[in-house]
Amino acid sequence: MKRIFKNPSSEIISKRIIYKNGNNKKLASILLKEQKNFCAYTEEYIGLNDAVDIEHFNPNLKYSETDSYQNWFMVKHKPNNLKRTSWIEPILNPVDKNFETRLIYSDGYFLHNPEDIEAKNLIDLLNLNDEIFVKNRKRFIERRKERIAEKEVSPFDYFAEKIENEIESLKYLRAIQEEFEIDIWNMIPE
C-alpha cells in the first residue's frame, strides 16, 4: 500500500462537494481521477467494469460533520468488504506524510517498527499481510522481473511501456516502487 496524496486544490474542496446519502457520482469521479484510477487499498487499476466504493477510511465519521475529503478514498468493492468491520485506533492514516517510512514494504510483506502501533493497526485493519495477498504481490513482481530480463530493458522503460499500452495490467504500485526503485506513481499520467 502506498501513501495517498490529497490535493489541497481539489475540486472537492473548492466546490464544497460532500458525501451524501444518494448520488455521489461527481465525488467518486473526482476521487478516482485523483487516484489515477488505482484502488487506495489494493493498488490495482480500477477499470470500467469494476465495482467500486467511496470508502470512508474511518467509518465512524460517515455522515458526520467531521467526515471530509481526507477520509474518502476510491476502493474496489470486494477488498472494501474484506476490511475488518471493527474500527481500530490509533491507526496510521493513508494520507500521513510519513506513511511510507512507517508502513515498510519488504518482499511482498508490509512491516512496521515494533513501537509503531498505528502502522500495526493499519496492517491488521486491511489484512495487508494475508497469505494470498503476499503471494500475489510476490508472484506479480517475479513475473515483472522475468519480463524485464527477457526484453532486456530497464525497469523504467518496461513500466513506461506498460503504462502507455496496458495500464489496466498494473497493480501493487508500492511493490513496484520498492522492488525496481522507480517512481511509478509519477510515471502514471493524470
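These values consider heavy atoms only, across backbone and side chains, with no hydrogens, waters or symmetry-generated copies.
The environment of Lys145 atom NZ is dense: over 12 non-hydrogen atoms of other residues, nucleotides or ligands sit within 6.0 angstrom.
A donor-acceptor pair is defined here as one N or O able to donate and one able to accept, closer than 3.5 Å; such a pair exists between the side chain of Asn24 and the backbone of Gly22. A distance-only check finds a donor-acceptor pair linking the side chain of Lys20 to the backbone of Asn23 [under 3.5 Å]. Between the side chain of Gln35 and the main chain of Met74, a donor-acceptor pair closer than 3.5 Å is present. With Tyr69 contributing its side chain and Arg16 its backbone, the two residues share no donor-acceptor pair below 3.5 Å. A donor-acceptor contact shorter than 3.5 Å links the side chain of Ser154 to the backbone of Asp157. At distances below 3.5 Å, not a single donor-acceptor pair connects side-chain atoms of Asn186 with backbone N or O atoms of Asp183. With hydrogens and angles ignored, the 3.5 Å screen pairs a side-chain donor or acceptor of Ser169 with a backbone N or O of Glu166. With hydrogens and angles disregarded, no donor-acceptor distance shorter than 3.5 Å links the side chain of Lys83 to the backbone of Leu125. No side-chain donor-acceptor contact under 3.5 Å links Asn98 to the backbone of Thr101.
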Between Lys120 and Asp124, is a salt bridge (Lys or Arg N to Asp or Glu O under 4.0 Å) present by the stated rule, with each step listed? CA-CA 6 Å; Lys120 178 195 178 305; Asp124 291 346; 2.6 Å; yes

Between Asn80 and Asp53, does a side chain to side chain donor-acceptor pair (under 3.5 Å) hold up when you go through it step by step? CA-CA 8 Å; Asn80 192 27; Asp53 299 324; 2.9 Å; yes

Could you walk me through whether Asp107 and Lys138 pass the side-chain contact (heavy atoms from CB on, under 4.5 Å) test, one step at a time? CA-CA 7 Å; Asp107 192 31; Lys138 286 181 168 191; 3.5 Å; yes

Test side-chain contact (heavy atoms from CB on, under 4.5 Å) on Glu142 and Arg139; report intermediate values, then the result. CA-CA 5 Å; Glu142 270 311 306; Arg139 282 196 344 233; 5.6 Å; no

Evaluate Asn113 against Arg102 for side-chain contact (heavy atoms from CB on, under 4.5 Å), listing each step before the verdict. CA-CA 7 Å; Asn113 292 320; Arg102 295 179 63 192; over 6 Å; no

Worked check of salt bridge (Lys or Arg N to Asp or Glu O under 4.0 Å) between Glu179 and Arg144: CA-CA 10 Å; Glu179 296 277 356; Arg144 301 298 75 88; over 6 Å; no

Could you walk me through whether Ile163 and Ile184 pass side-chain contact (heavy atoms from CB on, under 4.5 Å), step by step? CA-CA 9 Å; Ile163 290 165; Ile184 189 75; 3.8 Å; yes

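Considering every non-hydrogen atom in both Phe140 and Ile176, the closest pair reads CE2-CD1, 3.9 Å. What you find for Arg137 and Gly108 is that their closest heavy atoms are NH1-O, 2.5 Å. Of all non-hydrogen atoms in Asn58 and Asn60, the two that sit nearest each other are OD1-N, 2.9 Å. Across all non-hydrogen atoms, the minimal contact from Trp72 to Ile54 is CB-CG2, 4.2 Å. When all heavy atoms of Met1 and Tyr41 are compared, the closest pair comes out as CE-CD2, 3.9 Å. Contact record, Phe159 with Ile148: CE1-CD1, 4.1 Å, taken as the closest heavy-atom pair.
Using cut-offs of 30° and 60° on the angle between ring planes, the pair Phe73 and Phe57 is perpendicular.
Put simply, the side chain of Leu111 does not reach to within 4.5 Å of the side chain of Leu103, judged on heavy atoms. Using a 4.5 Å heavy-atom threshold, the side chains of Lys76 and Tyr45 count as separate. Counting heavy atoms from C-beta on, the side chains of Leu126 and Phe110 never come closer than 4.5 Å. Two residues are said to be in side-chain contact when any heavy atoms from C-beta on lie closer than 4.5 Å; Lys6 and Leu31 meet this criterion. Side-chain contact check for Leu61 versus Tyr19: every heavy-atom pair is 4.5 Å or farther apart. Side-chain atoms of Val75 and Val52, non-hydrogen and from C-beta on, never get closer than 4.5 Å to each other. Using a 4.5 Å cut-off on side-chain heavy atoms (C-beta onward), Glu118 and His112 make no contact.
Checked against side-chain hydrogen bond (donor to acceptor under 3.5 Å, both in side chains), Lys62 has no partners two or more places apart in sequence or in another chain. The side chain to side chain contact (heavy atoms under 4.5 Å, CB included) check on Glu100 picks up Lys2, Arg3, Arg174, Gln177, with sequence neighbours excluded.
Here the rule is side chain to side chain donor-acceptor pair (under 3.5 Å) with Ser10, and of Lys15, Glu34, Lys33 only Glu34 fits it.
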What side-chain donor-acceptor pairs closer than 3.5 Å can you find for residues 87-95, not counting sequence neighbours?
residue : atom : partner : partner atom : Å
Trp87   : NE1  : Glu89   : OE2          : 2.7
Asn93   : OD1  : Val95   : N            : 3.0

